[in-house]
Amino acid sequence: INMRKILLSSIIIGVVLLSSCFKKKESTITGAFTGNVILEPMCADEPCDLGPKELEALYEPRKIIVYSSDTSEVIQNIAISIDGKFATGLPVGEYIIDINYYENDISRDVPASLTIVDNFTATRTIHIATGL
């Protein structure tokens, strides 16, 4: 009986170890997603002459959100630089992009579908009405 248990345990361990060799690997093939965010208006009053600190305060809380194609999972939160640009790499696949709707933000450009293709850069411009 002990020999039978040892043999059975050995077979189970072997199957578990072998099955890990055949697991589907995450896609290592990637493409890029870049773009520009245009905030309008950027100031409540004109003239609007913002320095780096003010621009950072405007852009830092706002993010581009990349969801799985069925929107069940957040894949990435992408930061936006003070010049309105963003960039990231993503595995090849289908996604939905949106914004995090900071304060009173609205955008007609998102949500939108995004297709990432191997060694290709997908580019988008996203206008955000800030409600300032």
Side-chain angles (χ1 to χ4, degrees):
I1 287 182
N2 284 340
M3 194 60 141
R4 196 177 278 171
K5 286 182 181 180
I6 292 171
L7 180 61
L8 185 56
S9 295
S10 297
I11 291 171
I12 291 171
I13 290 170
V15 168
V16 168
L17 290 174
L18 278 174
S19 69
S20 67
C21 294
F22 297 107
K23 284 185 180 176
K24 185 178 176 184
K25 292 187 176 182
E26 295 272 331
S27 175
T28 56
I29 301 171
T30 61
F33 174 41
T34 66
N36 194 37
V37 172
I38 299 170
L39 298 178
E40 299 174 313
M42 293 181 74
C43 299
D45 300 314
E46 294 295 328
C48 187
D49 185 25
L50 302 177
K53 295 260 187 223
E54 292 91 358
L55 289 169
E56 184 177 349
L58 274 174
Y59 282 104
E60 192 277 327
R62 293 173 168 89
K63 307 285 185 237
I64 305 300
I65 313 296
V66 179
Y67 292 95
S68 58
S69 61
D70 64 358
T71 67
S72 65
E73 180 182 0
V74 173
I75 305 299
Q76 276 191 35
N77 288 300
I78 306 170
I80 306 164
S81 66
I82 64 170
D83 61 357
K85 298 192 182 322
F86 63 89
T88 192
L90 287 167
V92 168
E94 299 292 324
Y95 301 94
I96 299 294
I97 57 169
D98 208 344
I99 59 174
N100 63 335
Y101 297 94
Y102 177 74
E103 292 185 345
N104 297 317
D105 289 351
I106 57 171
S107 177
R108 293 184 179 181
D109 298 325
V110 290
S113 62
L114 174 70
T115 301
I116 298 297
V117 180
D118 185 25
N119 293 318
F120 180 76
T121 300
T123 303
R124 297 286 172 91
T125 298
I126 300 171
H127 295 82
I128 298 175
T130 62
L132 292 176

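Throughout, numbering of the chain's residues begins at 1 and tracks the sequence. These numbers come from the heavy atoms of this one structure, side chains and all, not from hydrogens, waters or symmetry mates.
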Measuring from Glu54:CD to Asp49:CG, what's the distance to the nearest 0.5 Å?
8.5 Å
Answer yes or no: is there a side-chain heavy-atom contact under 4.5 Å between Met42 and Leu50?
yes
A side-chain contact here means heavy atoms from C-beta on lying under 4.5 Å apart; do Leu39 and Arg62 qualify?
yes
Drop me the distance from Lys53's NZ to Ile82's CD1, to the nearest 0.5 angstrom.
10.0 Å
For the backbone of Glu73 and the side chain of Ser68, can you confirm whether one donor and one acceptor N or O come within less than 3.5 Å of each other?
yes
Can you check side-chain contact (heavy atoms from CB on, under 4.5 Å) on Ile78 and Val66, steps first, answer last?
CA-CA 8 Å; Ile78 306 170; Val66 179; 3.6 Å; yes
Got Ser72 and Asp70 here, is their nearest side-chain heavy-atom distance under 4.5 Å?
yes
Can you confirm whether more than 12 heavy atoms, excluding those of Asp45, are under 6.0 Å from its CG atom?
no
Step by step, work out the ring pair (Phe, Tyr, Trp, His ring centres under 6.0 Å) result for Phe33 and Phe86.
CA-CA 8 Å; Phe33 174 41; Phe86 63 89; 5.1 Å; yes
Please examine the side chains of Ser107 and Val110, heavy atoms only from C-beta on, and report whether any two atoms are closer than 4.5 Å.
yes
Could you tell me which non-hydrogen atom of Ala122 sits nearest to which non-hydrogen atom of Leu114, and how far apart they are?
CB-CD1, 3.6 Å
To the closest 0.5 Å, what do you measure between OH (Tyr95) and OG (Ser113)?
13.0 Å
Decide if atom OH of Tyr101 counts as having more than 12 heavy atoms of other residues, nucleotides or ligands within a radius under 6.0 Å.
yes
Show the numbers, then the answer: is there a salt bridge (charged side-chain N to carboxylate O under 4.0 Å, His left out) between Arg124 and Asp109?
CA-CA 9 Å; Arg124 297 286 172 91; Asp109 298 325; over 6 Å; no
Quick one: do Leu90 and Ile75 satisfy side-chain contact (heavy atoms from CB on, under 4.5 Å)? Show the steps, please.
CA-CA 9 Å; Leu90 287 167; Ile75 305 299; 4.1 Å; yes
If you measure from CG on Leu58 to CD1 on Ile80, what distance do you get to the nearest 0.5 Å?
10.5 Å
When you group the ILVMFWY residues by side-chain heavy-atom contacts below 4.5 Å and let the links chain together, are Ile96 and Val74 in the same group?
yes
Heavy-atom check, side chain of Ile106 versus side chain of Ile128, under 4.5 Å:
no
Is any side-chain heavy atom of Ile97 less than 4.5 Å from a side-chain heavy atom of Tyr67?
no
Do Ile126 and Asn36 make a side-chain contact, defined as non-hydrogen atoms from C-beta onward lying under 4.5 Å apart?
no
Spatial distance of atom CD1 (Ile99) from atom CG (Asp105) [nearest 0.5 Å]:
5.0 Å
Looking only at heavy atoms, which two atoms of Gly131 and Pro41 are closest? And how far apart?
N-CD, 4.4 Å
Which pair of non-hydrogen atoms, one from Tyr59 and one from Gly84, has the smallest distance, and what is that distance?
CE2-CA, 3.6 Å
Please report the interatomic distance CG(Asn100) to CD1(Ile64), rounded to the nearest 0.5 Å.
8.0 Å
Ile38 versus Thr125, closest heavy-atom pair with distance:
CD1-CG2, 3.8 Å
Would you say that His127 contacts Glu40 through its side chain, given a criterion of any heavy-atom pair below 4.5 Å between the two side chains?
yes
For a quick test of reading the model, state the closest non-hydrogen atom pair linking Ala79 to Lys63 and the distance between them.
CA-CD, 4.1 Å
For Thr34 and Ala87, work out which heavy atoms get closest and say how close.
CG2-CB, 3.7 Å
